[in-house]
Number of protein chains: 2
Amino acid sequence: MKRDGSATPNALLGLLSMGPMSGYDIRQMIPQSIGHFWSESYGQIYPGLKRLAAAGLATKKTERKQGSPDRYVYSLTAKGREQLRVWLKLPVAEEVPRNELLLKLFFGAQTSPSVSREHVRAYLALHQQKLHVYRAIAKRLWKEEANDPRLPFWLMTLSMGQHCSAAMVKWCKETLKELDGIERRHKGGK
Amino acid sequence: MKRDGSATPNALLGLLSMGPMSGYDIRQMIPQSIGHFWSESYGQIYPGLKRLAAAGLATKKTERKQGSPDRYVYSLTAKGREQLRVWLKLPVAEEVPRNELLLKLFFGAQTSPSVSREHVRAYLALHQQKLHVYRAIAKRLWKEEANDPRLPFWLMTLSMGQHCSAAMVKWCKETLKELDGIERRHKGGK
DNA sequence: GGGTGCATGTAATGGGTTACATGATTCT
DNA sequence: AGAATCATGTAACCCATTACATGCACCC
């Protein structure tokens, strides 16, 4: 049995479960849907969709319109829906995430504290901005998708982003204070 | 100018800044150092060290002992230290992290709420355990490395883990309540 | 005429893990 | 005898991004 190391084909199934789509459509909608915690490039999407069709998990229809390129629109088959449900049940594969900020911070004693401080500052700004974006998305969803049964699940993923970014903002502020202290000792103490 | 897409060689430089080491040593010490936010496999380490030596960033010494295999111990050169400092100053490259849990949760409406609940439950357990581990490490560091000037930086990376896991625990608990509500409506309501 | 958007796709390249290969010593 | 630990390393494979290639239509 071939074990499926990658979640990519299943991510495509999930996106197709939201409605028939072309590869181009999928790419366009990612920022508005799973973009905050998942990404796919054309190099994955187009061959991936082809493979789904070859495996009988999706069907491909050609849409022709004069004055614009052909579109290949994929729809989930019953088999595809079933495969999606099977994958959703499988335990989540936890990976060791690589965090370059922490890597640099860990070796922070090898350079001036101000270097670390700038990294943390940038991280703070990043997460403050994310919090704004999350709030805007939540507002939009409450208005526009109020009756969609999928709404609660979308809000849960948003909520994780909010919890995480809020924690990061708090950590950044504490860490900046700590770094300031180190810098003062660095300059004043010796 | 060739831009360095990968932080791996610099991670090796950072580890070597802690003292001369063999590839084997590096692999062994990762869980005790940067393991919570970075990983490297032998397939990266051994060729990586060779490249560092070839680039004049590290020197290789052979240690022979009767009754055990040869060890190739690498030490940073002045040039290597300088390169580490240069890399530390470069802005952190933010990547879009892939979170499989969120991906499954986002499509949670395609299956029974209990499926999502189990995933969240596992995530809760994972982060509660991480909190224990972090606390144990912090204790050990305070005792054993109290006078090391690098200690504050190590504690900062630990602290991020603590903030993050604490936020995840909170989110999991809230989300489990929400999922319970959905399940009740699911069963009772219709 | 030139940029932008629609729309498809592939090839090159990069980055990384895993499994394998080797071989001595020490512990059970 | 067999397993675990020390220690090095490579080859096969997997996954993913990026750059490139094509081509039409529309707007400035």
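The sequence lines fix the lettering, A, B, ..., with proteins before strands; numbering per chain opens at 1.
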(message) To check you understand the geometry: which heavy-atom pair defines the closest contact between I182(A) and P113(A), and what is its length?
(response) CG2-CG, 3.9 Å

(request) Could you tell me which non-hydrogen atom of E100(B) sits nearest to which non-hydrogen atom of P91(A), and how far apart they are? (result) OE2-O, 4.3 Å

From the list [options], which nucleotide is the closest neighbour of the side chain of [X]?
{"X": "S22(B)", "options": "dT8(D), dA16(D), dT10(C)", "result": "dT8(D)"}
{"X": "K50(B)", "options": "dG5(C), dG9(D), dG9(C)", "result": "dG9(D)"}
{"X": "S39(B)", "options": "dT10(C), dT17(C), dA7(C)", "result": "dT17(C)"}
{"X": "S6(A)", "options": "dC15(D), dT17(D), dT10(D)", "result": "dC15(D)"}
{"X": "Y24(A)", "options": "dC6(C), dG16(C), dT8(D)", "result": "dC6(C)"}
{"X": "Y46(B)", "options": "dG9(D), dT18(D), dT17(C)", "result": "dG9(D)"}

(request) Measure centre to centre between the rings of Y123(B) and H127(B), then say whether the value is under 6.0 Å. (result) yes

Return the value, rounded to whole Å, for the distance between atom [atom1] of [X] and atom [atom2] of [N].
{"X": "I26(B)", "N": "dG9(D)", "atom1": "CD1", "atom2": "P", "value": "12 Å"}
{"X": "R64(B)", "N": "dA24(C)", "atom1": "CZ", "atom2": "P", "value": "15 Å"}
{"X": "Y74(A)", "N": "dA7(C)", "atom1": "OH", "atom2": "P", "value": "14 Å"}
{"X": "R71(B)", "N": "dT25(C)", "atom1": "CZ", "atom2": "P", "value": "17 Å"}
{"X": "I45(A)", "N": "dT8(C)", "atom1": "CD1", "atom2": "P", "value": "10 Å"}
{"X": "L49(A)", "N": "dA7(C)", "atom1": "CG", "atom2": "C1'", "value": "13 Å"}
{"X": "E95(A)", "N": "dG15(C)", "atom1": "CD", "atom2": "P", "value": "18 Å"}
{"X": "N10(B)", "N": "dG16(C)", "atom1": "CG", "atom2": "P", "value": "11 Å"}

(request) Would you work out how much the helix from dG1(C)-dC28(D) to dT28(C)-dA1(D) bends between its ends, with each end axis defined by five base pairs, to 10 degrees? (result) 10°

(message) Under a 3.5 Å distance rule, please check whether R98(A) uses its side chain to pair with a backbone N or O of S39(B) as donor and acceptor.
(response) yes

(message) Looking at R27(B) and E40(B), would you say the former's side chain and the latter's main chain have a donor-acceptor pair under 3.5 Å?
(response) yes

(request) Using a strict 4.0 Å threshold on nitrogen-to-oxygen distance, state whether K79(A) and E82(A) make a salt bridge. (result) no

(message) What residues from residues 28-36 of chain A pass a heavy-atom cutoff of under 4.0 Å to DNA chain C?
(response) none

(message) If you compare every side-chain N and O of T8(B) against the phosphate oxygens of dG15(C) (OP1, OP2), does one of them come in below 4.0 Å?
(response) no

(message) Let me confirm one number: the CZ-CE distance from F106(B) to M156(A), rounded to the nearest 0.5 Å.
(response) 12.5 Å

(request) Have a look at R98(B) and say if it touches a base, only the backbone sugar-phosphate, or nothing, with a 4.0 Å heavy-atom cut-off. (result) sugar-phosphate

(message) Would you say that more than 12 heavy atoms from the other residues, nucleotides or ligands in this model lie under 6.0 Å from the NZ of K170(B), or not?
(response) no

(message) Counting only heavy atoms not in Q129(B) (residues, nucleotides, ligands), do more than 12 fall under 6.0 Å from its CD?
(response) no

(request) Take Y42(A) and P47(B), find for each the nucleotide of DNA chain D with the closest heavy atom, and name the residue whose nucleotide sits nearer the 5' end. (result) P47(B)

(message) Parallel, tilted or perpendicular, judged at 30° and 60°: which one describes the rings of Y24(B) and Y42(B)?
(response) parallel

